[in-house]
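Just so you know, ligand 1 is whichever comes first in the structure, and atom 1 is the first atom listed for that ligand.
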Amino acid sequence: MLKKELEIFTFNDLLHHFPLRHIDKTKINKIAEINAFTDYIQVTGRLIHYEVVGAGRGKRLIAQIKDVSGLLELTWFQGINWVEKNLHIGSDYLVFGKTGFFNSKAQMVHPEIEVYIPAKAGVKAFLEPVYPSTEKLKARSLNGRQLAKLTQILFGIVQPKDIPENLPAYLLQELKLLSRYEAFAMIHFPTNEMLYNKALERLKFEELFIAQVRLQLVRLQRNNASKGVVFEKVGAFFNDFYNHHLPFTLTGAQKRVLKDIRNDTARGRQMNRLLQGDVGSGKTMVALLSMLLAADNGYQSCLMAPTEILAQQHYAGLKELLKEMPVELALLTGSTKTAERKRILNGLLEDSIHFVVGTHAVIEDIVQFKNLGLVIVDEQHRFGVAQRAKLWEKAVIPPHVLVMTATPIPRTLAMTAYGDLEYSVMDELPPGRIPITTVQRNEMARASVMGFVKEEITKGRQAYFIYPLIEESEKLSYEDLMQGYEQVKSFFPEPTYKIGMVHGRQPAEQKATNMQRFVRGESQILVSTTVIEVGVNVPNASVMVIESAEKFGLSQLHQLRGRVGRGSEKSFCILLTGSKASKEAKERINIMCATNDGFKIAEKDLEMRGPGDIEGTRQSGALNFKLASIVNDKALLELAKEKAEILVEKDLFLEDQQHQILRNFMQSQKTKHGWGKIA
Ligand code: ADP
Ligand code: MG
């Protein structure tokens, strides 16, 4: 039962089943104290009544207890038989739970309840742990308090040697951390609140520190061990392009990042760098210049994009930029025809093709290069640490790797999910951009919104209409999209207006054609799902209308909005919302209207959703913390990172005597988690 419900298999698991909170059993409240602001509370009272009412799913057990101040109703929907058996009219009970009001009567649903035995006078405050449990277990009477008893028994048996230290002694001393044994004892059965907090701090630090040591080991060992191809010179490709074909001057941020890349690639070690920049900060140009640098040193490059549309666009964009350069460029995606594919694969093997742009699925699997020197992963927030490792598994001398994120990611997330990479930030937009104005409009205002879009189109601009399509197979949203398309058409009748549509159910070719028509300005309106979310660049588009904006996440909205404001015209983003947006959705929309800063939005997004939901981080394994949170424990994470860096720099293979306990511990964990490499 324990196994199945809570995945508790061993004593060790029980140790790691941390209490949700502690209650001071000596602290008892009066029932009359319960008000609308009460959360969890503990009361005692005499049972005066109970009965089972309702049937089927509405069946429930209702009981009433009474103290000198008032009445409290208790309700159970599950485990009714068991609870009922243990209730005796006239007995006194100790009741703990979350209060609510139902028909303006105070009520507790599924409280923890036990026969009340008054504490003897003079007994010290006793903090009893309350553990998370599941309804099923509760129904079997194994509630949080029973688990507490089990754990208490466990602590009667275990000795300090059973919970050995895993952090080096000098760290414990320096940071004044509790020992591991003390920490476990105090997190379950604290003797006071201060010690509980110390225990929590110690265990959180341990989690964060060990994760950071792992990441730093990966980073530095790879750095030291892996040879990298050397880009020793800046040559004709780069210089010719830079001096004669660069359509603008680089921003300071672009120059800085190029310098980082130049340094990384000249050292004879593999580059593994994360490039973060806000939408529109000009990452593509950084990618291109790096590829030219590779070419100058006789190496091929590949640029991987997450979608076919984006790959096509990169290809078209690069082709245009390179049209007067003696550079061979190829596009390789799922829809590349067999003959063309053959030609490309051959060209890559023979080194007659310098740059290949493609979707990563294609490039990962079959492609062989004569001498691949640089891999750029564009708009990737979907790769975990382990997946990234695959990129260079095949090569003898691994290519340099540059990972570019679509939108900024919060610093703490970068430190954990991308902690194995070096890190550059582009926090500057090209000059002359006019900030996008974002507004929220109600469904009711649709006619005036359409009128506004019409004005913009009359001025020669183009517009996007975006519909939520969460899953490509989702039939309902597909119908919404089609309806939306018809609606747009009714406002913008053909042939005066040309409307294109792209969505995930179209064959790749049709998608590409429709997209290209919009890119070339042959259609003024593009009705689309989020397939255009990443990277699409049509500078003449100045309006984006996002339908049912409440259904989108923050970073998605920001990424979408980044499709406008890319030219020299003032741009607008209109968030259309229905009437029943949740509180959170409203907050997201307010944030969007208030700021264009992707770094700020990323932080907010993380705060609101928590790390578990941020795309691509779930699988990464780097964020599976039981106690620590990268949202709430930022300072501790910074500290853990700093200490981990110092340690790994001093002792790259954890050979030092002082680090043996840590090494052993990490090795024992390794089998469990299956990632993280210790040499
Ligand atoms: P992202 O970082 O979102 O991938 P892009 O690379 O698509 O951004 O660049 C956005 C737009 O800005 C493109 O039209 C690009 O040509 C332009 N751009 C990039 N760098 C500069 C610059 N230094 N000065 C002016 N425009 C630039
Ligand atoms: Mg881009």
Side-chain angles (χ1 to χ4, degrees), residues 241-243 245-261 273-292 302-323 355 357-360 376-382 402-409 424-436 461-462 464 515 518-521 530-542 544 555-569 571 573 596-599 601-602:
F241 181 82
Y242 195 89
N243 296 326
H245 305 293
L246 190 66
F248 36 67
T249 28
L250 296 183
T251 63
Q254 283 170 320
K255 284 187 190 155
R256 212 174 48 235
V257 173
L258 274 170
K259 211 175 265 169
D260 287 341
I261 292 171
R273 186 166 284 277
L274 174 72
L275 169 55
Q276 277 207 68
D278 209 343
V279 256
S281 59
K283 294 181 288 284
T284 317
M285 188 48 74
V286 171
L288 173 57
L289 289 166
S290 314
M291 289 157 81
L292 290 166
C302 96
L303 172 59
M304 309 201 295
T307 65
E308 178 126 9
I309 287 189
L310 196 55
Q312 269 156 359
Q313 182 189 282
H314 272 319
Y315 175 72
L318 295 186
K319 211 171 164 68
E320 177 61 27
L321 284 165
L322 294 171
K323 65 178 184 245
F355 302 163
V357 179
T359 43
H360 45 78
I376 300 173
V377 187
D378 187 26
E379 316 283 13
Q380 270 304 339
H381 33 184
R382 286 154 213 195
L402 180 66
V403 177
M404 308 196 293
T405 62
T407 49
I409 48 178
S424 304
V425 171
M426 295 214 304
D427 49 4
E428 183 186 351
L429 293 181
R433 294 274 168 82
I434 308 170
I436 304 163
R461 309 281 103 77
Q462 289 164 280
Y464 294 100
M515 197 65 227
F518 188 69
V519 172
R520 287 196 294 261
T530 52
V531 291
I532 62 130
E533 180 184 339
V534 279
V536 169
N537 187 34
V538 181
N540 188 47
S542 68
M544 171 169 286
S555 64
Q556 203 176 21
L557 285 172
H558 180 60
Q559 181 55 236
L560 283 166
R561 176 171 63 182
R563 301 311 107 215
V564 294
R566 300 174 84 85
S568 50
E569 300 300 328
S571 292
C573 177
N596 279 314
D597 183 337
F599 289 87
I601 290 174

For the residue pair Leu274 and Ile409, establish whether any side-chain heavy-atom pair is separated by less than 4.5 Å. yes
Would Pro431 count as a polar contact of ligand 1, with the cut-off being nitrogen or oxygen pairs under 3.5 Å? no
Counting only heavy atoms closer than 4.0 Å, does ligand 1 sit against the backbone of Gln254, its side chain, both, or neither? side chain
Against heavy atoms of Pro430, which atoms of ligand 1 measure under 4.0 Å? 18 (N), 20 (N), 21 (C), 22 (C), 24 (N), 25 (C), 26 (N), 27 (C)
Would you call Tyr464 and Val564 a side-chain contact if the rule is heavy atoms closer than 4.5 Å? yes
Are Asp427 and Arg256 packed together at the side-chain level, in the sense that at least one heavy-atom pair is separated by less than 4.5 angstrom? yes
Closer than 4.0 Å to some heavy atom of Arg433 - which atoms of ligand 1 meet that? 10 (C), 11 (C), 12 (O), 17 (C)
Report, in ascending order of atom number, the atoms of ligand 1 lying under 4.0 Å from any heavy atom of Thr249. 22 (C), 23 (N), 24 (N)
Decide whether the shortest distance between a heavy atom of Asp378 and an atom of ligand 1 is less than 4.0 Å. no
Numbering as shown, the atoms of ligand 1 that approach Asn537 to under 4.0 Å (heavy-atom distance): 13 (C), 14 (O)
Show the nearest heavy-atom pair for residues Pro306 and Asp378, with the distance to one decimal. CD-O, 3.3 Å
Can you list the atoms of ligand 1 that are under 4.0 Å from a heavy atom of Val279? 3 (O)
Val279 vs Gln559 side-chain heavy atoms within contact, under 4.5 Å: yes
For the residue pair Phe355 and Leu288, what are the closest heavy atoms and their distance? CE1-CD1, 4.0 Å
Ligand 1 atoms nearer than 4.0 angstrom to some heavy atom of Thr251 are 23 (N)
Are any of the N/O atoms in Leu250 less than 3.5 Å from those in ligand 1? no
Between the side chains of Arg273 and Ser424, is a donor N or O closer than 3.5 angstrom to an acceptor N or O? yes
What atoms in ligand 1 come closer than 4.0 Å to a heavy atom of Ser281? 2 (O), 8 (O)
Work out which heavy atom in Phe599 is nearest to a heavy atom in Gln276; give both atom names and the distance. CE2-OE1, 4.2 Å
Taking all heavy atoms of Met285 and all of Pro247, pick out the closest pair and write down the distance. CE-CD, 4.1 Å
The atoms of ligand 1 lying under 4.0 Å from a heavy atom of Thr284, numbered in the order shown, are 4 (O), 5 (P), 6 (O), 7 (O)
Gly277 heavy atom under 4.0 Å from ligand 1: no
